[in-house]
Amino acid sequence: MNKLIQLADMSSSCRAEEEPARLISLFSLSVSPALILLPKHTAAKNIALATTDWQRIILLHTQKDLSFLKNMTHLFPTVSGISCLKPSRRKSGWMDGRPYDYRKIKITFGTDYGCCFVDLGRTRVMAQVSCELVAPKESRPNEGIMFFNIELSPMASPAFEQGRQSELSVKLNRQLERCLRNSKCIDTESLCVVSGEKVWQIRVDVHMLNHDGNLMDAASIAAITALCHFRRPDVAIQGDEVTVFSPEERDPIPLSIYHMPISVSFSFFQQGTYLLVDPCEREERVMDGLLMIAMNKHREICSIQSSGGIMLLKDQVMRCSKIASVKVSEITELIGKALENDKKARKAGGRCGFAESIPQERITALKMEESPVEMMDVTERANDIVQKAEAPPQT
Amino acid sequence: MEVCGSSNVSLREFGCEQSLLSRPDGSASFIQGDTSVLAGVYGPAEVKVSKEIYDRATLEVLIQPKVGLPSVRERSQEQCVRETCEASLLLSLHPRSSLTLILQVLHDDGSLLSCALNAACMALMDAGLPMSCLFCGVTCAIDTDGQIITDPTAAQEKESRALMTFAIDSTEHRVLMSSTKGSFTVHELQQCIAVSQKASEKIFQFYRDSSGLSTIQNPQ
């Protein structure tokens with residue numbers, strides 16, 4: 001009962017030459033393995049192969065030679081004429097037709113200070129910074145405390161479960177801590193209020209809202225932007241008395257940030273032959289290994305981590321770091337612009353809430369102005385409720 | 001019967017956006033003034049054997065606060081939202097499946113539970129799940145003078161003597177769920193229910209407009 005399913009090309013919605021065909025529907029066959037092939041005539045040189053294996057759908061990239069299929073024709077008697085596709089070195093050859101570039105990054109801010117949304121393509125991440133006065137660590141009585149928490153919300157992907165510390169969550173948390181805390185990008189000594197007794201604890205919560213690949217980069221951009229955006233309450237010390245002013249009494253003050261480390265992820269395919277910056281979710285599933293370089297705009301590497309067990313040559317790592325420095329300077333510029341725009345908007349006194357950030361022209365969005373509720377017949381209604389209600393049972 | 005003053009019964013500015021996330025089957029973001037909640041729905045999907053129900057779908061609601069981990073307050077809000085959804089979803093159409101509704105608080109400036117209910121309803125609509133009726137959430141606060149305020153801000157909630165949230169259904173405007181805090185008389189409760197029913201008409205009109213179904217008449 002082996003079946004061959006050929007899926008139609010979705011090129012009507014994509015540009016025929018550049019966008020590869022997409023899988024429009026996958027049938028999960030619980031009976032036996034099946035091969036799903038996209039038609040040979042698609043113009044794109046990269047075609048995705050999917051095989052169903054009882055429960056899972058495995059997406060394979062055709063960078064590999066397809067000749068192995070010839071050995072499998074006995075399993076697929078209806079397949080004929082599988083041509084071998086050579087791996088393509090086309091620049092814009094990846095699944096969504098991108099060159100070696102980042103997807104579109106969009107940074108927006110929320111109503112209160114320290115709330116930031118980052119859209120990296122379709123990956124969506126929210127960061128919120130908050131602060132609290134606590135007792136300092138005994139080993140460092142003069143320094144404030146930075147606390148990072150990345151939440152893989154079950155909204156981001158059906159694979160994320162609430163409350164379970166999955167491997168990915170531990171890995172992302174650790175990487176973000178190394179990138180931001182160990183690089184000492186924030187001046188923690190300025191967070192000290194009373195040495196040995198009270199210091200500020202800055203807490204950064206990053207929530208993943210939609211997982212379409214490269215959560216690490218989106219999280220690092222969101223975290224550092226939120227930290228730059230955040231304002232902490234002003235504090236006055238007079239002898240033994242410490243007064244914390246609310247935002248209405250005195251303007252809150254920003255954190256002192258030395259530099260902005262931003263992480264750039266590279267994914268490798270075919271034992272390091274092919275390299276892609278900012279992998280999307282499908283690409284992440286089929287990659288061989290991942291290299292993460294956190295760098296600031298002064299070309300200082302803050303953290304570098306390679307995972308997946310690929311062996312990289314020295315010049316590959318050097319090349320990646322050069323690409324990373326270019327990307328980091330672009331992203332830092334983008335963050336600077338976003339912060340400037342937000343500052344201007346707040347100074348102009350306009351409302352910078354979410355209601356303003358809803359795009360007006362989209363068909364999926366709608367806004368309604370503040371409106372009064374008519375109260376003409378409320379008394380009659382309330383009377384109605386009493387009269388029509390059944391009496392409670394006698395107990 | 002006390003007659004409440006009809007002065008400041010108004011709803012704040014509303015905004016809604018649907019289908020804004022690519023992974024969840026349905027997603028919606030609902031904004032009331034400055035309060036904003038993002039909802040995502042997955043389902044019907046595979047369910048764990050320990051949680052499956054033989055003739056209905058299993059609905060799970062998760063509310064994620066903005067700062068910190070979910071605590072008991074989020075659990076009680078989840079229960080309110082879950083009971084409302086179970087009353088209006090046609091769960092028997094998807095036996096032995098799971099429906100997961102995740103609500104993320106983006107900003108809390110009062111009326112959080114009703115904003116969460118509204119976002120949940122819009123996300124369930126966006127996911128195309130079969131429902132017997134739509135529902136909406138309305139929050140009423142009674143301040144120290146006895147005035148009823150609908151859709152209060154966080155500052156108004158703090159000053160209020162009582163705070164009530166009702167979930168109202170769209171077909172007969174009955175109360176599906178109520179969650180109250182503070183002390184109030186029975187008459188005040190009835191007044192608030194009546195006010196919430198009037199306010200819900202506006203919200204349902206907003207739902208219809210945003211789904212583009214403005215030509216469908218409300219069956220009366």
Side-chain angles (χ1 to χ4, degrees), chain A residues 55 110-112 115 117 121-124 126 128-130 132 149 151 153-160 162-163 203-205 207 209-212 281 351 353-359 362-386 389, chain B residues 1 3-4 6 8-24 27-29 31-36 38-40 42 45 60 62 64-70 100 102-104 106-107 109 126 150 186-187 190-191 193-195 197-199 201-202 205-206 209-210 212:
Chain A
Q55 286 109 16
T111 322
D112 51 350
C115 178
F117 291 83
R122 291 191 297 203
T123 298
R124 204 171 161 131
M126 170 177 92
Q128 172 70 50
V129 179
S130 54
E132 203 190 1
N149 179 34
E151 287 272 343
S153 166
M155 192 189 306
S157 161
F160 297 157
Q162 168 71 11
R203 187 194 168 109
V204 183
D205 284 281
H207 298 273
L209 301 176
N210 198 43
H211 176 25
D212 197 34
E281 203 247 337
R351 283 170 43 107
F354 298 99
E356 278 61 43
S357 66
I358 288 188
R362 278 209 205 136
I363 199 171
T364 51
L366 187 69
K367 261 166 65 164
M368 185 171 92
E369 297 298 317
E370 185 166 336
S371 52
V373 178
E374 287 135 27
M375 294 273 294
M376 304 307 296
D377 57 348
V378 166
T379 338
E380 288 87 30
R381 266 201 184 208
N383 277 329
D384 265 351
I385 294 174
V386 178
Chain B
M1 176 86 65
V3 178
C4 67
S6 57
N8 48 359
V9 180
S10 65
L11 298 168
R12 292 183 281 182
E13 193 184 15
F14 278 5
C16 168
E17 192 179 348
Q18 291 183 303
S19 301
L20 56 159
L21 301 176
S22 68
R23 292 302 293 275
S27 56
S29 148
I31 297 171
Q32 286 179 209
D34 276 339
T35 305
S36 171
L38 177 66
Y42 283 101
E60 201 185 327
L62 293 162
Q64 315 261 339
K66 195 146 83 145
V67 177
L69 298 169
T100 314
I102 304 114
L103 297 158
Q104 169 74 52
L106 298 180
H107 193 248
D109 190 36
D126 188 45
T150 46
V186 175
H187 292 158
Q190 285 149 2
Q191 293 268 330
I193 292 180
V195 168
Q197 286 171 334
K198 289 293 288 183
E201 283 166 21
K202 281 222 181 267
Q205 186 56 44
F206 180 72
D209 291 340
S210 64

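Each chain gets a letter, A, B and so on, in the order the sequences are listed, and its residues count up from 1.
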Q: Please tell me if the side chains of Leu38(B) and Met155(A) come closer than 4.5 Å, counting only heavy atoms from C-beta onward.
A: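 A side-chain contact under 4.5 Å exists here.
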Q) Taking side chain as C-beta onward, heavy atoms only, is Asn210(A) less than 4.5 Å from Pro24(B)? A)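 Touching, per the 4.5 Å side-chain cut-off.
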Q | Expected output: side-chain His211(A) to main-chain Arg23(B) donor-acceptor under 3.5 Å | A |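 Judged by distance alone, no pair lies under 3.5 Å.
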Q. Under 3.5 Å, side chain of Arg122(A) to main-chain N/O of Ser22(B), donor-acceptor pair present?
A.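 No; judged by distance alone, with no hydrogens or angles, the pair does not exist.
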Q: Under 4.5 Å heavy-atom distance to chain B, tell me which part of Ser130(A) shows up: side chain, backbone, both or neither.
A: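 Only the side chain of Ser130(A) comes within 4.5 Å of chain B.
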Q.
Walk me through whether Asp205(A) and Lys66(B) qualify under side-chain contact (heavy atoms from CB on, under 4.5 Å).
A. CA-CA 8 Å; Asp205(A) 284 281; Lys66(B) 195 146 83 145; over 6 Å; no
Q | OG1 on Thr111(A) to CG on Asp109(B), rounded to 0.5 Å | A |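 Reported value, rounded in 0.5 Å steps: 8.0 Å.
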**Q.** Contacting moiety of Tyr42(B), where chain A heavy atoms sit under 4.5 Å
**A.**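 Only the side chain of Tyr42(B) comes within 4.5 Å of chain A.
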How far apart are the closest heavy atoms of [X] and [Y], and which atoms are they?
X	Y	result
Leu209(A)	Leu21(B)	O-CD1, 3.7 Å
Gln64(B)	Pro154(A)	NE2-CD, 3.4 Å
Glu151(A)	Gly68(B)	OE2-O, 4.4 Å

**Q.** Chi angles and distances behind the side-chain hydrogen bond (donor to acceptor under 3.5 Å, both in side chains) call for Glu60(B), Gln162(A)
**A.** CA-CA 11 Å; Glu60(B) 201 185 327; Gln162(A) 168 71 11; over 6 Å; no
Q) Just one of His207(A), Arg203(A), Glu132(A) clears the side chain to side chain contact (heavy atoms under 4.5 Å, CB included) bar with Val67(B), so which one? A)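 Only one of His207(A), Arg203(A), Glu132(A) forms a side chain to side chain contact (heavy atoms under 4.5 Å, CB included) with Val67(B), namely Arg203(A).
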